[in-house]
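So the structure is just underneath, and the comments pick up after that.
Residue numbers begin at 1 in each chain, while the letters A, B, ... track the order of the sequences. This is a predicted model, so every value here is computed, not measured.
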Amino acid sequence: MGYDFKNIEKKWQAHWAKNQTFKAENHSEKPKFYVLDMFPYPSGAGLHVGHPLGYIASDIYSRYKRHKGFNVLHPQGYDSFGLPAEQYAIQTGQHPAKTTQENINRYREQLDQMGFSFDWSREVRTSEPDFYKWTQWIFLLLFDHYYCKTTDRARPIAHLVERFEKEGNRAIDAVCDTTTPQFSVGEWNAFSSEKKQELLLNYRLAYLSESEVNWCADLGTVLANDEIINGVSERGGYPVTKKKMRQWSMRIGAYAERLLQGLERIDWPESLKEMQRNWIGKSIGAKVFFQIEGHDKKIEVFTTRPDTIFGVTFMTLAPELELVQEITHSDHKEAVDAYIEETQKRTQRERMADVKNSTGVFTGGYVLHPFTQERIPIWIGDYVLADYGTGAVMAVPCGDQRDYDFAKHFDIPIKNIFKDVSIEEEAFTDKGTAVIDHSDFLTGLSYKEAMKTVIDQLEKQGSGEGTINYRLRDAIFSRQRYWGEPIPIYYKNKLPQPLELKHLPLNLPDVEKYLPTPEGAPPLGNAESWAWDTQEEKVVDNKLIDNKTIFPLELNTMPGWAGSSWYFYRYMDAQNTENFVGKDAVNYWKEVDLYLGGIEHATGHLLYSRFWQKFLFDLNLLPVEEYAKKLINQGMILGTSAFIYRKPGTQTYISKDKLEDVEQFEPIRVDVNLVNSADELDLTGVRKWQPQFEKADFKLSNGVFKVGREVEKMSKSKYNVVNPDEICEQYGADTLRMYEMFLGPIEQAKPWNTAGISGVHNFLKKYWRLFFNDDELVVHDQEPSKQELKILHETIKKITIDIENFSFNTCISALMICVNELTSLKTHSKSILSPLTLLLSPFAPHLASEVWSVLGNESTIDYVDFPIANEAYLVEDTKTYPVSFNGKMRFTLELSLDLDNVAIQEAVLQDSRSAEYLGGKTPKKWIIVPNKIINIVF
RNA sequence: GCUCGAGUGGUGGAAUUGGUAGACACGUUGGACUUAAAAUCCAAUGACCAUUGCGGUCGUGCGGGUUCAAGUCCCGCCUCGAGUACCA
């Protein structure tokens with residue numbers, strides 16, 4: 001019979017479910033520990049072997065922490081709003097809620113069969129009204145707050161209005177749109193209420209504005225910067241163009257500095273922090289104002305090199321700037337307009353593709369140099385981005401390669417302001433060695449000195465100031481989608497009006513069609529009941545809209561990252577109907593102690609959630625400013641795709657090992673499940689799999705057909721998905737869990753490959769045989785030998801250290817060594833096997849639970865204290881000590897100890913090279929003071 | 001281009017952070033048990049030379065350096081991976 005994993009696993013999973021073994025309490029004498037997984041999007045393909053990697057790791061740690069006496073919160077839920085369900089709905093007409101529910105059921109089944117210790121009583125789903133009620137509420141809070149730079153925190157918009165009424169906006173240091181006009185108290189009070197509302201949008205943290213957005217026509221929606229990879233949409237790879245639209249945005253830029261500073265305080269992978277730092281992109285420089293000739297306006301530029309200001313020979317504006325129209329001379333208008341039109345047509349990808357070619361036109365306008373009053377021509381060019389800095393640059397061709405290329409291309413003069421440097425071939429960009437020349441009061445200064453001097457001078461004459469700029473852009477928050485959180489806003493005279501908390505949730509309405517309306521409005525435009533009755537305070541039929549008491553509701557929905565930006569707090573108090581999370585619960589759990597998830601969320605979810613955290617912290621709704629103390633990125637498990645090679649234009653396929661020139665053949669993917677571990681294709685299977693192969697001619701080699709292999713991301717469309725189900729069926733969940741951990745370090749990406757799974761499975765069988773010989777229990781109560789105790793305690797020590805370091809692969813090696821040694825010693829002593837079973841418990845919980853109960857323990861293993869290594873058992877008969885000699889060198893000695901007397905019997909110099917250094921002499925006597933040799937006598 | 005990370009047997013990967021490189025596992029080879037297979041167990045397994053014995057030489061991407069001692073530290077390259085990309 002042996003190790004019957006099927007029955008064991010079924011039995012314990014049922015036990016845990018029935019007894020709610022892993023239900024966490026919000027009050028406990030024990031110290032708390034919160035282990036969080038990034039919750040999955042329930043896709044139609046089900047879980048593949050890559051998903052559980054992080055879940056297994058977090059589960060091991062959670063179980064370990066329970067054994068260590070912590071009150072562990074380890075919840076799970078679903079990020080259940082999203083694009084695939086909606087696209088499926090468009091194709092089939094099925095309501096996304098239905099397919100989402102089906103997918104969740106399947107996910108749950110798969111998760112359950114792996115024996116995770118989740119507290120399912122706290123499950124959350126972002127698409128449930130009970131949950132998105134609070135997402136909508138947070139949106140309303142963001143709408144109702146602005147960022148005060150003086151106190152460096154978010155404050156109520158009402159407070160801002162109060163100040164406007166007293167002092168206008170000149171002296172108020174608040175984060176706002178760059179286009180915000182200045183107004184006095186009198187002006188403010190004289191504004192109409194509409195005008196006031198319009199102006200306040202410039203300050204709100206969730207705001208509506210006309211802005212350039214990334215429009216993806218194929219998906220029919222706008223995308224955030226992090227949803228675009230290499231100029232095409234992350235999902236589907238469709239082209240993206242710039243388009244002006246009135247959209248909701250989040251003023252994340254207000255938190256740029258705090259998001260940057262906060263990274264110093266959290267234990268997250270350095271590479272991830274670096275990505276966030278780059279994404280935030282802090283640069284220190286100066287604003288400089290250039291007076292436009294014959295105009296009362298000034299052009300404001302941002303530069304990181306104000307020290308090169310005397311090298312300016314032209315100005316370049318982004319073509320999208322409104323100012324361009326004002327400064328363009330009539331005789332250049334035609335060329336300018338043509339150029340603007342052309343750039344707008346180009347997709348982001350096309351623009352990126354020809355970075356090398358400078359394009360642009362002269363506007364006919366000039367600005368005046370702030371120090372020399374020289375006339376400087378104004379150009380426009382699409383190498384200048386409208387949404388970075390001020391959308392205008394002072395071009396210094398001698399000190400910036402792009403300006404240099406532009407100047408060369410259009411034959412604009414280049415002024416050299418660097419001492420002893422040639423700029424014949426390229427610009428000189430090295431700040432470190434630069435000495436400024438031909439620059440009036442800056443001549444002879446280094447970069448550092450010149451920076452300070454010029455900024456002082458600019459500030460003195462009011463034509464500029466030192467400033468800091470961030471690359472981080474405000475995040476577009478509107479999506480033209482159906483399957484997302486409705487934005488709780490209605491429109492009165494085209495101005496957004498918030499609903500109130502008591503009106504939430506604003507439920508997602510039913511629609512006939514999930515596509516945009518014929519007029520191009522988002523899918524919610526298809527809803528019949530989507531108007532707000534301000535008297536009745538409820539959603540009513542669109543037909544009733546009179547714009548007096550009944551108004552249209554917002555048609556856009558929120559992006560995928562809305563719900564995931566705060567879900568981890570909901571787990572603390574998932575049932576709370578009064579609050580997004582109860583005060584007691586949040587004060588008890590405080591923050592996530594360990595967060596596990598993929599690095600792909602570095603500049604998306606993991607940045608947005610930190611932003612919301614800081615905002616909610618400012619409002620005293622949350623106790624900490626960073627929500628995840630420690631974060632680990634598990635590496636992706638990759639698929640190994642299989643290819644067969646077709647002779648072009650035929651139905652003839654050639655076995656891989658007979659191919660002479662792979663280039664001559666078309667590679668075609670086949671399902672990896674039809675290929676065995678020797679890369680041989682199951683021909684009968686493949687003929688049945690797809691009709692195109694039914695009558696195909698397969699040219700074998702030595703009686704078999706070999707496929708080619710390539711490692712890539714695991715995905716349904718690449719036919720390389722391996723489901724955990726079959727592995728569980730064949731080897732059991734414990735084997736799967738241990739094998740995934742045994743593959744290598746968790747942070748590392750690796751291709752899936754079942755070749756070594758038998759090793760782990762054999763280990764579990766071997767473990768079983770320590771307890772059973774056939775079906776007879778062979779465990780006895782005899783005292784263990786010194787040797788057995790030593791093996792056990794070495795293993796305890798190693799496992800404890802390695803679990804704490806998340807080095808689970810080496811834990812498993814240690815367990816294997818231990819079991820091998822105990823097997824060869826024929827150990828069946830209960831006092832060895834009991835603690836050993838505890839060590840195994842986090843990794844193979846089913847098997848550990850089973851043998852634990854077989855040993856006659858009343859309680860289950862889950863909360864039993866983890867064993868502690870006893871140093872007394874670790875004294876070795878030979879021990880290696882590092883020692884110092886002459887206070888300078890280090891070498892190692894091996895000492896033989898008599899265990900009973902703890903006396904040194906013999907010492908052997910271990911390293912021959914060290915012996916050589918000692919003159920080839922063998923020491924006669926070692927003088928030893930507490931484990932350290934301090935003198936050697938020859 | 002810039003930023004970060006990684007290169008160790010046939011394979012996945014260890015190496016107490018400067019101290020016997022290759023733990024553990026897969027694979028391969030040989031053996032035991034068996035009518036046979038499966039399962040299990042034992043042995044060998046970095047390369048080369050020697051193998052009648054001991055053993056010896058070379059080995060952590062490449063080239064230098066520091067050190068009694070380098071996979072580990074320093075300098076210069078090469079290759080691969082990830083992120084980002086006209087950021088002024």
Side-chain angles (χ1 to χ4, degrees), chain A residues 2 225 229-231 269-279 281-283 285 301-306 308 316 318 348 351-352 354-359 381-385 387-396 399-403 405-406 429 469-473 599-600 602-603 633 635-636 677 711 738-739 742-745 747-751 753-763 765-766 769 797-798 801 807 809-818 820 823-824 880-883 885-886 888-894 910-919:
Chain A
N225 286 332
I229 309 287
N230 291 326
E270 201 45 51
S271 61
L272 192 154
K273 291 205 231 177
E274 195 60 29
M275 279 168 72
Q276 291 207 345
R277 281 188 203 110
N278 290 339
W279 191 261
K282 180 177 184 173
S283 43
V301 303
F302 171 74
T303 176
T304 52
R305 297 294 304 273
T308 63
T316 317
Q348 206 159 333
R351 255 171 96 155
M352 279 163 60
D354 62 7
V355 165
K356 281 159 208 85
N357 301 327
S358 300
T359 66
D382 71 359
Y383 80 95
V384 178
L385 305 175
D387 51 2
Y388 180 74
T390 59
V393 305
M394 57 172 230
V396 183
D400 183 287
Q401 193 58 42
R402 288 152 306 160
D403 297 344
D405 294 340
F406 195 87
T429 54
N469 205 32
Y470 299 92
R471 202 186 76 119
L472 183 69
R473 320 273 161 89
I599 191 138
E600 64 272 22
T603 53
N633 291 123
M636 207 186 305
S677 55
V711 172
M738 293 195 87
Y739 183 60
F742 191 60
L743 275 173
E747 303 92 339
Q748 197 172 299
K750 53 221 151 216
N753 157 11
T754 48
I757 201 164
S758 62
V760 169
H761 193 62
N762 284 343
F763 159 76
K765 286 197 279 191
K766 230 172 179 175
R769 286 199 300 270
K797 192 172 181 184
K798 173 108 179 104
I801 293 169
S807 176
N809 54 333
T810 54
C811 284
I812 293 168
S813 294
L815 284 168
M816 285 175 172
I817 294 168
C818 181
N820 282 345
T823 301
S824 59
T880 303
Y881 295 106
V883 291
F885 178 63
N886 279 353
K888 198 175 153 199
M889 77 194 100
R890 286 164 54 80
F891 51 93
T892 312
L893 296 164
E894 207 169 85
Q910 199 183 44
D911 191 322
S912 61
R913 283 166 296 191
S914 306
E916 207 171 288
Y917 183 73
L918 292 171

For the pair made of [atom1] in [X] and [atom2] in [N], what is the distance, rounded to whole Å?
X	N	atom1	atom2	value
A:M738	B:C24	CE	P	16 Å
A:I812	B:A14	CD1	C1'	14 Å
A:I599	B:U3	CD1	C1'	13 Å
A:N278	B:A85	CG	P	10 Å
A:N633	B:C4	CG	C1'	13 Å
A:D400	B:G1	CG	P	18 Å
A:E600	B:G81	CD	P	19 Å
A:M275	B:C2	CE	P	19 Å

Taking any heavy-atom pair under 4.0 Å as a contact, classify [X]: base, sugar-phosphate, or nothing.
X	value
A:P751	nothing
A:R277	nothing
A:L385	base
A:V384	base
A:N820	sugar-phosphate
A:K766	sugar-phosphate

Separation of the [atom1] atoms in [N] and [M], to the nearest angstrom:
N	M	atom1	result
B:U67	B:C49	C1'	31 Å
B:G64	B:G12	C1'	33 Å
B:G76	B:G5	P	16 Å
B:U60	B:A21	C1'	8 Å
B:A70	B:G63	C1'	16 Å
B:G22	B:G27	C1'	16 Å
B:C74	B:U52	P	48 Å
B:A15	B:U20	P	14 Å

Assigned chi class of B:U17 under the 90° convention is syn

Would B:G27 be called syn or anti here, given the cut-off of 90° from 0?
anti

How do A:S824 and A:G391 order along RNA chain B: which one's closest nucleotide is nearer the 5' end?
A:S824

Nearest-nucleotide wise, let me know which of A:T810 and A:T390 is further upstream toward the 5' end of RNA chain B.
A:T810

Looking only at side-chain N and O atoms, does [X] come under 4.0 Å of OP1 or OP2 in [N]?
X	N	result
A:K765	B:U40	yes
A:N809	B:A14	yes
A:S758	B:A25	no
A:Y388	B:A88	yes
A:R769	B:A39	no
A:N762	B:A39	no
A:Q748	B:A6	no

Residue from A:T303, A:D403, A:T316 passing side-chain contact (heavy atoms from CB on, under 4.5 Å) with A:M394:
A:T303

Counting side-chain heavy atoms from CB outward, which of [options] is closest to [X]?
X	options	answer
A:R471	B:A25, B:C87, B:G13	B:C87
A:F742	B:A88, B:C4, B:C24	B:C24
A:P745	B:A88, B:A14, B:C24	B:A14
A:R402	B:G13, B:C87, B:A25	B:C87

Using 30° and 60° as the class boundaries, would you call the ring planes of A:F302 and A:Y388 parallel, tilted or perpendicular?
perpendicular

Any residue meeting ring pair (Phe, Tyr, Trp, His ring centres under 6.0 Å) with A:F763, in chain and number order, not counting sequence neighbours:
none

Got a second to check how far A:T359's OG1 is from A:D382's CG, nearest 0.5 Å?
3.5 Å

List the steps, then state whether side chain to side chain donor-acceptor pair (under 3.5 Å) holds for A:N820 with A:K766.
CA-CA 8 Å; A:N820 282 345; A:K766 230 172 179 175; 2.5 Å; yes

Can you tell me which stems RNA chain B forms, taking runs of 3 or more consecutive Watson-Crick or G-U pairs with both distances under 3.5 Å?
B:1-7 with B:78-84, B:10-12 with B:24-26, B:27-32 with B:40-45, B:46-49 with B:55-58, B:61-65 with B:73-77

Are the side chain of A:R402 and the backbone N or O of A:D400 linked by a donor-acceptor pair below 3.5 Å?
no

Check the pair A:L272 / A:N633 against side-chain contact (heavy atoms from CB on, under 4.5 Å), numbers first and verdict last.
CA-CA 9 Å; A:L272 192 154; A:N633 291 123; 3.2 Å; yes

A side-chain contact here means heavy atoms from C-beta on lying under 4.5 Å apart; do A:K765 and A:N762 qualify?
yes

With a 4.5 Å heavy-atom cut-off, do A:K798 and A:T810 have their side chains touching?
yes

Using distance alone, with no hydrogens and no angle criterion, decide if A:D405 and A:Y383 have a side-chain donor and acceptor under 3.5 Å apart.
no

State whether the distance check finds a donor on one side and an acceptor on the other, under 3.5 Å, for side chain A:R473 versus base B:C87.
yes

